Structures are given as structure tokens and as C-alpha cells.
Amino acid sequence: MERESPWGALEVSDAHVHFFSHRFFAALAAQKPGLTLEAIATQLGVHLPPESPEKLGTTWTHELDRHQVARAALIASVPGDADSVLAAAHAHPGRFFSYAMVNPREWKPAPVDTVCLFPAMHRYSIHDACVLPIFEWAAENRRAVFVHCGVLSVGIRGKLGLESRFDLRFSNPVDLHAIALQFPGVPIVVPHFGAGYFREALMLADLCPNVYLDTSSSNSWMRYQESHLDLRHVFRRTLDVTGPRRLLFGTDSSLFPWGWKHQVFDDQAKALYEIGVSYDDARLIFGENLLRIMAH
Ligand SMILES: [Zn+2]
């Protein structure tokens, strides 16, 4: 399956889609007395996901088909929800990679493709002893580890009046330097170019060849930069440091009715094309890199 792009037909895989399952919504509802799943859907103006994760997976396959997107990494976005993405991936072979948010303090191995750490959300340092078993598991099983760094705001929590007691001090990509060197065979994915820690993310990627950056979201962190940055600058500077084999295209799509955020693709493809990225390099960034690190 290929999608129209400035280079012509291009196979596209999305490295960053949130799988907001029924269990995810139930976990949100449990955080505020009286909050029901229906109330959440109404307040957010979104579709309530079906109870069956396989069915939500089907919804996503139709959405990806509609946009000619070959595959997506689905992120279970609350600890304990790995089963949802595993079920969706199992029901739709070849379409999804299973990513699961974990809190390392209560982590149990599950056969997902990638474990996702959110140190600022769960308030631990990457240097904490609880993180080590996850990297050991990833090294043994040839899996990847995704580590959210930088600014973290979960928009839907705010809209629902839920507190977000996150701690930004645990979100510097520099914290990953030692563990990335200790586990050189484990691909480490830092989303959103470090979400505000652009320089630090590039420093880390320069020193550690196993560090990958994902391009997902609107990248509104660009407004924290001292001087004006646009996507073309961001891509050019990143490619100068990492080359084309360590960038993973992603959208950060999540909820319906919005579905797959094609605008993120359109904007990023345009920016990459304008700075002269070749068709071969575009194939890497828009899918082949993801497929390579997911092969195990
Ligand atoms: Zn995200």
C-alpha cells in the first residue's frame, strides 16, 4: 500500500499512534468520582471506543486504508493495557506494532514490540534501579524502548478536569546517555525531537547510534526555541546529526472522529521534500527505519 507524496507513491508507516482503548477510557473514568465513560466521550466530543480492542483495531485498519497508510505503531497509553494493543495487532497481522506504556515500578514483561516509558508522568529517574530490568528484557528479546522526554501535557486530562502531577525534572534526554551506552543493541526512541529538548536530543543521538527520534505531533515545542525554527530547520539540523536512518515518521494520532492526522504527514513530507531529501531517504524516514528496528 502506498500513499501519494511529493516524491510520488510512497509506503508510509506511522511510528506513533495512541490506542485509546475502552480500558484506557475506563482508567480515566476511575480517576474522578462520578465520571462515566459516556461523560468523557461527550465532554471531549469523541467516539467512545468499542469494548473489544480487536474492533478498535478494525476501526484503525479502515482509517489507515482510507489514507493509504501501510502500518502503525499503536501505543497502549495507560499502564496495564498491553493486552489491548496485542489483541489488535494479533487480529490484524502486518498492520500494527504493539507499544505499551509501563510504569517500571509495577512492570511485568509482556510480548509487546516496544515498551514506552514516561518518566515525568510516573515520576522516576531513568537512572533509577527499577528501569534496568526493562532494558535487560529489551536487550534479550531484541525489543525497543520508547522514552518520552521534554514537555508532556495530556490535553484530554485537562479537558476532563483531571490533575496531571507530572515532574519535568525527569524528562531530559541527557538522562538516557549512560543507559543507551550500556545497551547499545537496544533501539531507544525519543519522540517529538525531545519535545523542547531539541539540542539535548541531538547531543544524545550524536553520542549514541542506537537513539532514534520520532517526528510526531505538531511539534509546538518549536515555540520554546530562542530563534525561530520551522520544520525545515528542524529536519535539516536533525539529519545533519543522525542521518536519514534514525528518524521515524509519526503523527501522534489518537481519537475518533479525527482519526489519522494526515496534515502532519502533508506538512512533514513537504518540509522534507523542500530541503532536498531524496526518495530513498524518504522511504527510510516514512517507514523502513521503523520496520528495521521492529524486526526481531
Ligand atoms: Zn503521543
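What you see is a predicted model, and the numbers here were worked out from it, not measured in a lab. Start at 1 with the first residue, then count along the sequence.
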For this session: Taking atom CZ of F256 as the centre, report whether more than 12 heavy atoms of other residues, nucleotides or ligands fall under 6.0 Å from it.
Result: yes

Exercise. Should F19 and P53 count as side-chain neighbours, where that means a heavy-atom distance under 4.5 Å?
Worked result: yes

Problem set entry | Pairwise side-chain contact, V211 with L176, heavy-atom cut-off 4.5 Å (strictly under) | no

Exercise. What about the rings of Y99 and H16, do their centers lie closer together than 6.0 Å?
Worked result: no

Exercise. Going by an N to O cut-off under 4.0 Å, is there a salt bridge joining R71 and E11?
Worked result: yes

Exercise. How about R123: does its CZ atom have over 12 heavy atoms from other parts shown lying under 6.0 Å from it?
Worked result: no

Exercise. Does a side-chain heavy-atom distance below 4.5 Å link N289 with F249?
Worked result: no

Exercise. Heavy-atom count around R142 CZ within 6.0 Å, excluding the residue itself: above 12?
Worked result: no

Exercise. Below 4.5 Å, heavy atoms only, C-beta onward: do Q268 and F235 meet side chain to side chain?
Worked result: yes

Exercise. In chain order, what residues pass the ring-ring contact (aromatic ring centres under 6.0 Å, His included) check against F135, with sequence neighbours excluded?
Worked result: F183

Exercise. Centroid-to-centroid, F286 to Y279, below 6.0 Å?
Worked result: no

Problem set entry | Residues T58 and H92: side-chain donor-acceptor under 3.5 angstrom | yes

Problem set entry | Point-to-point distance, once rounded to the nearest 0.5 Å, from CD of E63 to CH2 of W260 | 9.0 Å

Exercise. Checking R3 against F265: charged group under 6.0 Å from the ring centre and within 45 degrees of the axis?
Worked result: yes

Exercise. Can you get from L231 to V277 by hopping between Ile, Leu, Val, Met, Phe, Trp and Tyr side chains that sit under 4.5 Å apart?
Worked result: yes

Exercise. Going by the salt bridge (Lys or Arg N to Asp or Glu O under 4.0 Å) test, which pairs reach into residues 33-62, not counting sequence neighbours?
Worked result: none

Seminar exercise, completed: Tested for side-chain hydrogen bond (donor to acceptor under 3.5 Å, both in side chains) against S216, the lone hit among H18, K261, H192 is H192

